[in-house]
Structure formats: structure tokens, C-alpha cells
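This report refers to the structure that appears directly beneath it.
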Amino acid sequence: MLLKARSCGIQYVTRLELAFTKSSFHNMPCEVAARFLILYGSQRGQAQSIAEEICQQAAEHGFTADISCLSNQHKYNVDREIRPVVFVVSTTGDGDPPDTAHKFVRKIKNKSLVHDHFSHLRYALLALGDTNYANFCNGGKTIDSRLQQLGAKHFYATGHADDGTGLEVVVDPWIEGLWDALKKIFSSMSSSNQQSADLSDCTQDNYHKNASGQEKNKSGLEVDLQLLKLSEVDSQKGKTITSDSSDVETLSTALVASLKQSVPPLSESVLNVPALPASYLEVCLEQVSTEGETVPSDKDGYREVSISKAVQLTQDDAVKNAILLELDISEQSIAYQPGDAFDILCPNRASEVEELLLRLDLQTQKNCAVQVNLLKNSSKKAAKVPLHIPQSGSLQFILTWCLEIRSAPKKAFVRALADFTQNGSEKRRLLELCSKEGSADYNSFVRDTNVCLLDLLRAFPSCLPPLSLLFEHLPKLQPRAYSAASSSLQHPGKVHFVFNVVEFPACPEHPARTGLCTGWLADHVSSILRPLGTVPASEHLGTSSQPKVHVRPRPSSTFHLPADPSIPVVMVGPGTGVAPFIGFLQQREKEREANQEATFGETWLFFGCRHKDKDFLFREELERFEHNGTLSHLIVCFSRDEPDAAGTVNTPTYVQHNLRLHAKNVASILLKNKGSLYVCGDAKNMAKDVNDTLLEIIGNELQIDKLDAMKIVAGLREEKRYLQDIWS
């Protein structure tokens with residue numbers, strides 16, 4: 001028995017009114033189906049999603065777009081490409097191009113290429129990055145600069161989108177301006193007789209006149225060259241609903257904006273909303289047995305291992321709860337070095353999956369097998385069934401292990417949800433949140449507050465999306481990476497992780513909750529968790545009674561101790577950022593024991609926490625390292641402790657303050673002794689502050705200005721002597 005999971009409910013027809021005059025549209029020499037190419041390099045799907053959005057919008061602006069991942073080099077050839085090319089490229093790691101772009105980057109970096117190799121190429125590039133990390137947008141910048149070196153020319157200015165403040169802040173206006181730039185380049189190519197016949201497939205019947213002389217495309221919708229005004233047409237009553245309609249509740253008396261409601265001027269504005277994303281999936285539920293499902297592990301390199309130990313590292317009254325896990329990898333062929341990380345698979349919360357099933361009225365079908373197919377008549381370009389959704393998996397399994405239901409819905413998803421919202425005021429508010437005018441509200445009430453799909457469905461009860469919409473818009477549930485906090489030399493067959501249990505306090509937008517992975521891990525090990533300072537009755541529980549987790553190694557290419565042990569190192573790791581350095585020091589301790597005649601360089605560790613007696617992680621082990629000479633200098637600070645009885649003035653509060661106090665030593669290690677600096681921890685504040693402090697130290701030591709100091713720091717990064725393992 002097949003049950004169709006796609007139900008349209010009550011829909012509204014959306015009409016997008018003309019924003020360009022007919023004369024401006026006619027300025028394009030061949031306005032219909034002018035063809036260009038989109039190439040994307042994506043690590044976690046964001047660049048791909050944006051590229052697909054550009055591809056989807058292209059037809060609405062009179063263009064035809066071909067799209068390909070940069071890894072599919074058999075599908076394109078930029079060496080001979082005469083069409084305009086649009087690149088969308090993300091950044092990963094320490095400013096690296098995404099994995100899918102590595103082959104392309106290696107190809108264009110070939111030193112045998114002549115300086116005008118790409119002189120025929122006209123392109124635009126949108127780079128994605130995060131200013132919380134070093135080497136902002138460097139993946140895109142690497143491609144951009146190399147194309148320029150080889151003679152390629154921009155037809156539109158490069159965009160640099162910042163995930164730290166919201167990609168859409170740059171992405172939306174960049175895409176909006178792309179269409180004018182494409183019109184100009186096609187016009188230029190046509191006038192100079194450089195446009196080949198296959199760049200456009202112009203036919204006169206693609207557009208026709210309606211009775212009033214307005215231009216319409218074959219779908220009957222007015223041509224959308226620039227999204228301007230939204231009108232909603234009630235398909236049953238034939239009545240237009242605008243922002244001042246009596247069908248929309250008046251919010252003018254509200255004093256404060258919230259997720260559910262806006263205030264003037266937004267509540268009274270005409271809205272620029274994104275085009276409705278094209279549906280492209282059909283989801284069917286088949287009532288067959290799906291028993292015996294397991295975590296999708298082997299095919300992606302994951303291995304199931306036992307958690308042999310769990311220890312609380314902080315006092316009960318500490319601000320954050322830090323937990324150390326010991327994983328038994330002795331029966332798996334898993335090797336690692338200090339500095340490597342491990343990916344952990346975590347599920348969505350069972351309670352949240354159940355609530356979502358109930359909200360979608362699918363709780364009685366949660367064990368049905370899911371079949372996902374492409375809609376036959378979808379207008380979505382390059383549509384394909386998402387690879388992370390397994391065929392014939394149960395609905396509950398897919399919602400638990402495959403889709404990130406906690407992710408903040410992107411504007412395109414919010415736009416699609418609006419079309420399945422029956423209440424007029426709720427629909428209006430969703431349209432505001434995805435509109436250009438509502439960007440500030442979207443950031444305040446969705447993005448910055450970590451609102452997820454369930455939160456929106458709670459806030460807008462009349463929103464009844466079909467299951468297929470979730471499959472189209474919810475991203476893949478990604479593993480979470482944790483740095484190894486151990487050395488296999490000291491703990492053979494084991495690996496340690498440390499994490500803080502992330503907490504999101506209750507707010508008007510959502511209830512209190514813990515981080516998806518950290519909260520799950522804390523619950524998962526609650527039966528074996530030891531409080532700080534306690535000794536277990538038995539260290540060796542039977543493996544059958546130990547919690548299990550699926551992991552895979554994530555080797556680092558650079559974040560390791562120097563191969564030459566005589567090179568001095570400076571480590572900066574406040575809070576759980578100390579984790580990889582525990583592994584470094586365990587490794588160094590064992591190396592010193594095995595090579596007592598060898599020369600070992602100085603080791604400095606700058607550690608910080610809130611309270612000396614509450615959250616000084618690994619205190620006993622660090623003091624042991626310092627006592628036996630493994631750690632030359634342990635420099636600590638406590639940001640929330642009161643000054644000592646002597647009333648010490650200017651007590652260091654954060655790690656960067658201690659770096660300043662030891663500026664000469666740090667500068668000498670990096671500049672004279674060719675040492676290495678490692679930084680691990682929070683990207684948003686700590687890593688930036690440490691970087692600024694490093695610039696200050698180098699500037700003062702060498703008596704140079706900030707620009708020259710920045711060049712030296714860039715050189716340290718280039719030499720892999722300034723390395724970061726940071727997160728936001």
C-alpha cells in the first residue's frame with residue numbers, strides 16, 4: 001500500500017509584478033535563453049544551494065543556466081568556455097578550497113599554463129567564508145586571483161559573503177545585481193560579434209503579449225526581472241490580499257516585534273520576496289517492515305566503538321559542564337596523531353522527531369518505508385534526489401539520522417513554508433521574514449536565535465508543509481568534530497575527547513535546549529559518568545554495558561607537533577581549547593622518556609578559564625607536565641575570580657593579556673627561533689583577540705606598523721608556523 005506524503009493543503013497563487021520596463025528588457029540583444037555556466041565548489045552544501053538558487057532564478061530573468069560541481073570536470077571545460085561563467089565557492093579548514101574544488105585548483109595552478117591561458121574567459125565569482133576564522137573567503141580568493149593571473153576578466157565584481165554575520169547580507173544583493181551584469185556582458189559580446197550561436201537559442205514565441213500589452217512568459221506569470229511587489233490571490237475568492245487587507249490582522253498596536261509579529265514600518269510595507277522555490281521531489285510512504293535499521297556508518301568510514309569512561313571535569317556549580325570521554329578503539333583499525341579530530345555521528349532528539357511527526361500528522365506512519373523520486377514536471381534545474389536520504393529507510397530513521405531538523409531555515413525554506421500557511425496574518429509574517437525588507441527581523445528572530453523548523457511550526461500553527469518540502473530544504477545531518485585530547489603513546493587503543501555541554505536558554509522564540517551533539521552525548525553517558533574527583537569501583541565494565549558511538553578519524557594535515565622536537569612551541573588553549581595540547585604534551589612526555597639524550601624545544605601553554613577551583617581543566621595533569629619538564633611554562637588566568645588578598649593590580653583576565661605580559665618571549669620564539677604558534681578554541685572572540693595581540697607583539701618588537709606586522713603574520717601562516725583549530 002502506497003501513501004502519498006505530499007499534500008498541498010490550501011495554497012495561494014503568488015504573482016510577481018514587473019519591475020523592469022519593457023524597454024530595459026529589450027536592451028538585451030537576445031533576452032530569452034541567453035546561456036551561461038554556473039560552477040560551484042561546496043563543502044557542506046551552502047555553495048551548492050546558492051548556485052542552484054541562481055540557476056533557478058535564471059529562467060525568470062530570461063537566461064538559461066547550465067550548472068555543475070567543480071569536481072565533475074567531464075561536464076565542463078573552462079579552457080575553451082566562451083559563455084559567461086559564474087563561480088560559487090566556499091572555504092573550509094584553514095582557508096582551503098572545498099574538497100570538491102581541489103582538482104580544479106590544482107589544474108589552474110599548473111605552472112606550465114601561459115599568462116593568457118584564460119584570456120577568453122569572462123566570469124563572476126561569489127566567495128563564501130566566515131570572518132570568525134582566519135583567511136576569510138580564501139577558497140574563492142584563491143581561484144579568483146589565479147584566474148586573473150591567467151588572463152580571465154571579471155564581468156561582475158566578486159562578492160565575499162560572511163557566514164559570521166549572515167551569508168544573505170551579501171548573497172541576496174549580489175544575485176540581484178548579477179542579472180544586469182549578465183545582460184551587459186551578453187550585449188557586449190553580441191555587439192563585438194563574440195557571442196556564438198550556442199550562447200543563445202532565441203525564439204520569438206517564448207514571450208507573447210496579453211490583451212493589455214503586458215509581456216508574459218508561457219506560464220502566464222508576469223516577467224520577473226527584479227522582485228518588487230508581492231500580491232497574494234485567494235484562489236477560491238479571487239481576491240487580492242495586500243498588507244492592509246482586512247484578512248490580515250492589524251499589528252499596529254504591537255509595541256515590540258517578535259518572531260510571530262512585526263511592527264511598522266515593516267508591517268505596512270510592500271514586500272520584495274524571493275521567487276517560490278520549485279518543488280522537485282515526490283515522497284511516498286510504503287507500509288512495509290523497516291526493522292533492523294542501523295546508523296548509516298560503514299559506507300562513510302564510521303566505526304562503532306564503546307565509550308569506556310566518562311568523567312565530569314568541572315564542579316557542579318561551574319558555568320559550563322565539561323565532560324571527558326574515553327573511547328575504546330582497540331578493536332578497530334583506527335590510527336591518529338595528537339592534533340587530529342574525530343567525527344561523531346549524533347541523532348536528532350527523539351522527542352523532537354516525535355513532535356515533528358505529530359505536527360505533520362504522520363506519527364502513525366513513522367515506521368513506513370520512504371521512497372523518494374523526482375517530480376516529472378519540475379522546473380528545478382539539475383534536480384536530483386538528495387544522496388543523504390536513503391531509499392526504503394523508515395520515516396522515523398530519516399528524520400532521526402539523516403536530516404538536520406535543528407538547522408535554522410533559510411529564507412527560501414521560509415518562502416516555501418508561507419505557501420502552505422492558511423492563516424492570512426501568519427502567512428504575511430513568514431513572507432516578511434523571507435523578504436528583503438524583513439532581513440533585520442529574519443536575523444534577529446530566526447538566524448541569531450537558532451530557530452529551527454519546529455520552532456516555526458509552533459509559532460505558525462496554520463503552516464502545514466508536506467513531507468516533500470522538508471526533504472527538499474532540510475540539509476544533511478552533519479557529524480560533529482572533536483579534537484583528540486590524548487596521545488596513543490600514552491593511551492594505546494584509546495582516544496579521549498573533551499566537550500562543554502552547550503546550553504541554549506529559553507527565549508520567546510524557542511524553549512530551553514542543549515546542543516544537538518553535546519546534549520545527546522551527555523545523556524548517552526549519564527549511566528557511566530563519574531563526578532570530578534571520584535574513583536570508580538571498577539574501571540572495566542563489560543563492553544556490552546558500555547554506551548556506543550559511531551566515529552571516524554579526521555586527520556589534520558598541519559595541526560601537529562613539529563617533526564623536529566627541538567623547535568619551540570607556544571600553545572594557546574583556554575577552556576576546552578586545551579584538548580589537543582593535552583595530546584601534544586602526552587606525546588612529548590613519552591618522546592622525552594624514550595629519547596633522553598635528544599634536545600627538546602621549549603613548550604609554552606597559555607590556558608584560561610573562569611574560576612581556578614571550578615573549571616581548571618586537566619589541572620593535575622598540566623601541573624605534572626610542568627613539574628617533570630615536559631611543559632616549560634604553564635601560564636594561566638582566571639577571568640571571573642576576584643583579585644587575590646594582596647589586591648594585585650591589572651591581574652591578567654584572558655589569555656591575550658598573558659601573551660602581552662610575555663611578549664618578548666613569544667616574539668623571540670616565533671621570529672628568532674623559528675618556533676610554532678598553535679591556537680585552539682573559540683573563533684568569534686578568543687582567536688580574533690589572540691591574532692590582534694600577536695600583531696601588536698610583532699609590531700612592538702620589530703618597531704613596524706600594523707600593515708607590515710600583518711605581512712609577517714601572514715608569512716607565519718604560509719610557513720605553517722601559526723596554526724589554528726577554532727570553532728564558532
Side-chain angles (χ1 to χ4, degrees), residues 94 134 336-341 483-490 498 555-596 598-608 617-618 621-637 655-656 658-681 686-687 690-691 693-695 697-698 701 712-726:
D94 192 19
Y336 73 95
Q337 298 182 57
D340 289 346
S483 300
S486 57
S487 165
S488 58
L489 293 182
Q490 189 150 139
V498 181
S556 170
S557 60
T558 58
F559 203 85
H560 296 141
L561 281 169
D564 180 354
S566 67
I567 294 175
V569 297
V570 176
M571 300 167 283
V572 182
T576 57
V578 76
F581 306 134
I582 296 298
F584 279 16
L585 293 167
Q586 289 179 2
Q587 182 93 355
R588 183 56 58 87
E589 183 178 49
K590 287 297 183 181
E591 290 172 346
R592 283 165 53 89
E593 291 175 1
N595 302 278
Q596 296 185 14
T599 300
F600 291 88
E602 279 191 314
T603 51
W604 290 65
L605 174 62
F606 291 85
F607 173 79
L617 307 184
F618 300 101
E621 190 167 9
L622 289 172
E623 290 176 346
R624 188 190 84 233
F625 289 143
E626 186 180 33
H627 179 73
N628 66 26
T630 300
L631 181 58
S632 309
H633 304 276
L634 174 60
I635 313 298
V636 298
C637 56
V655 288
Q656 63 268 23
N658 268 330
L659 283 170
R660 287 194 188 98
L661 290 178
H662 298 274
K664 286 194 174 295
N665 299 102
V666 172
S668 178
I669 288 172
L670 295 178
L671 302 177
K672 295 180 182 178
N673 301 325
K674 303 299 180 183
S676 296
L677 171 65
Y678 301 84
V679 180
C680 182
M686 183 277 297
V690 167
N691 189 75
T693 302
L694 181 61
L695 291 172
I697 289 172
I698 291 175
E701 180 67 18
I712 290 177
V713 169
L716 293 174
R717 291 186 188 277
E718 187 71 23
E719 296 169 15
K720 306 301 181 186
R721 294 199 293 118
Y722 177 17
L723 298 161
Q724 294 177 310
D725 178 5
I726 56 179

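Source: prediction; values computed, not measured.
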So do [Y] and [X] actually touch side chain to side chain, heavy atoms under 4.5 Å?
| X | Y | answer |
| --- | --- | --- |
| Leu617 | Leu622 | no |
| Val655 | Met686 | yes |
| Leu631 | Met571 | yes |
| Val713 | Tyr722 | yes |

> At their closest point, which heavy atom of Ser486 faces which heavy atom of Tyr336, and how far apart are they?
Replying inline: OG-OH, 2.9 Å

>> Testing the basics here: between Ala687 and Gln724, what is the closest heavy-atom pair and its distance to 0.1 Å?
In response: CB-NE2, 4.0 Å

> Which side chain to side chain donor-acceptor pair (under 3.5 Å) pairs, counting each pair once, include a residue from residues 556-579, with sequence neighbours left out?
Replying inline: Asp340-His560, Asp564-Ser566

> Counting N and O atoms only, with roles assigned by atom type, does the side chain of Gln656 sit under 3.5 Å from a partner on the main chain of Thr693, one being a donor and the other an acceptor?
Replying inline: no

> Distance-only, no hydrogens or angles: does the Thr603 side chain make a donor-acceptor pair with backbone N or O of Ser632 under 3.5 Å?
Replying inline: yes

Salt bridge (charged side-chain N to carboxylate O under 4.0 Å, His left out) partners for [X], two or more places apart:
| X | result |
| --- | --- |
| Lys720 | none |
| Glu589 | Arg624 |
| Glu591 | Arg588 |
| Glu718 | none |

When rounded to the nearest 0.5 angstrom, what is the spacing between [atom1] in [X] and [atom2] in [Y]?
| X | Y | atom1 | atom2 | answer |
| --- | --- | --- | --- | --- |
| Thr630 | Phe625 | OG1 | CZ | 6.5 Å |
| Leu716 | Ile712 | CG | CD1 | 8.0 Å |
| Leu694 | Leu677 | CG | CG | 6.0 Å |

Results of side-chain hydrogen bond (donor to acceptor under 3.5 Å, both in side chains) for [X] - residues two or more places apart only:
| X | value |
| --- | --- |
| Glu593 | none |
| Glu602 | Trp604, His633 |
| Glu626 | none |

> Mind checking what makes ring pair (Phe, Tyr, Trp, His ring centres under 6.0 Å) contact with Phe559, not counting sequence neighbours?
Replying inline: Phe584, Tyr678

> Can a donor-acceptor pair be found between the side chains of Gln587 and Gln337 at a distance below 3.5 Å?
Replying inline: no

>> Could you work out, with side chain to side chain contact (heavy atoms under 4.5 Å, CB included) as the rule, every residue matching Ala598, not counting sequence neighbours?
In response: Asn595, Phe600

>> Under the rule for side chain to side chain contact (heavy atoms under 4.5 Å, CB included), what residues qualify as partners of Ser483, not counting sequence neighbours?
In response: Pro580, Asp725

Output a table of donor-acceptor pairs, distance under 3.5 Å, between side-chain atoms of residues 658-676 and any protein atom two or more places apart or on a different chain; print 'none' if there are none.
{"residue": "Asn658", "atom": "ND2", "partner": "Val636", "partner atom": "O", "Å": "3.2"}
{"residue": "Arg660", "atom": "NE", "partner": "Glu696", "partner atom": "OE1", "Å": "3.2"}
{"residue": "Arg660", "atom": "NE", "partner": "Glu696", "partner atom": "OE2", "Å": "3.2"}

>> Run the side chain to side chain contact (heavy atoms under 4.5 Å, CB included) test on Phe618 and Val498 for me, step by step, so that the C-alpha distance in whole Å, both residues' side-chain angles and the decisive distance to 0.1 Å come before the verdict.
In response: CA-CA 10 Å; Phe618 300 101; Val498 181; 3.4 Å; yes

